[in-house]
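One structure is given here, and the rest of the page talks about it.
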Amino acid sequence: MRVRNCPPGHPNLGGPGTGEFVAKETGCGGAWLVDLEVDIRDLLHGEQQFVYHRLAHAGQVVSLTPTIVDAYSRKGGALQFVVRDTAVHDACGSPIADLRETLVVRQPAAAT
Amino acid sequence: MSTVDIEVGTELPALALPLISRTTLALYAGASGDHNPIHIDLDVARSAGYDDVFAHGMLSMAYLGRLLTTWVPQDRICSFAVRFTAVTPVHARPTCSGRVVTIDEVNGERRATLELSVELADGTRTLIGNASVRIR
């Protein structure tokens, strides 16, 4: 395997604990929700988890690998849940953090 | 606080936040990359059946992260998880709190498990969660 350049960045300038979420929002965006035909107005954030492996810091290039791992509905279809995991790695492939989010999509039309 | 003093039942110093204004929400939308208009555009909020805009859940989680990192350095935090239990209306004043519930030995390290919560002035609990923190 070719050794990739892994710029050191600024290790003394650590990111906030929720910074990987920001990387995901800005890097991955919401196009996947459009693909799922989710009306973004009906979206609620149900749960969010972070497991940290090493500190993310300024100047790093990170890669994000999002995967939908579960989807289910509750309340007779009035609420739909999507669980998505996102692995965050640095440019050398070392793990930085694992994220899990549970998104809730309200389905007002189903709540009859 | 020196982590030597941490024991089961230790309370983190509560973090009382200022009122969440519409400006706070606009700035957080830009800072976080979460541009969902439900949090910043009253017309969109009303079109979805809400009376007004409400805060991003991650804004409260970020405040809770501040509670943690005011207490221990970021690199001591092993995990951090929350459940969003109620929406945070614009103009709310959240307070973050946390408490040590267990201390365990994991892979030769001492780790404290914390229970975390965010409450509004009217008593509504908007977020509950936990974190695992390395202590010495």
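Here the structure is a predicted model, which is why all the values come from computation and not from measurement. Each chain gets a letter, A, B and so on, in the order its sequence line appears, and its residues count up from 1. Scope of the values below: all heavy atoms of this structure, side chains included, with no hydrogens, waters or symmetry mates.
Between B:I38 and B:F54 there is a side-chain heavy-atom pair separated by less than 4.5 Å.
Listed options A:K24, A:Q48, A:E25 were ranked by heavy-atom pairs under 4.5 angstrom with chain B; first place goes to A:Q48. For chain A, the option among B:H39, B:H56, B:Q74, B:H35 with the highest count of heavy-atom pairs below 4.5 Å is B:Q74. When the candidates A:G17, A:G46, A:G14 are compared by the number of heavy-atom contacts under 4.5 Å with chain B, A:G46 comes out ahead.
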May I have the list of side-chain donor-acceptor pairs in residues 77-97 of chain B shorter than 3.5 Å, sequence neighbours left out?
unit_1	atom_1	unit_2	atom_2	d
B:T85	OG1	B:R125	O	2.7
B:T85	OG1	B:T126	O	3.3
B:T85	OG1	B:L127	N	3.4
B:S97	OG	B:S117	OG	3.3

Side-chain donor-acceptor pairs under 3.5 Å in residues 22-32 of chain B, sequence neighbours left out?
unit_1	atom_1	unit_2	atom_2	d
B:R22	NH1	B:D52	OD1	3.0
B:R22	NH2	B:D52	OD2	2.9
B:T24	OG1	B:S21	N	3.0
B:T24	OG1	B:S21	OG	3.0
B:Y28	OH	B:M58	O	3.3
B:S32	OG	B:Y28	O	2.8
B:S32	OG	B:D34	N	3.0

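The environment of CD in B:E105 is crowded: more than 12 heavy-atom neighbours from other residues, nucleotides or ligands sit within 6.0 Å.
Contacts between A:I40 and chain B at a heavy-atom distance below 4.5 Å involve backbone atoms as well as side-chain atoms. The part of A:R106 that comes within reach of chain B is its side chain, from C-beta onward, which places non-hydrogen atoms under 4.5 angstrom from that chain.
One finds a salt bridge joining A:R100 and A:D85 here, because a Lys/Arg side-chain nitrogen approaches an Asp/Glu carboxylate oxygen to under 4.0 Å.
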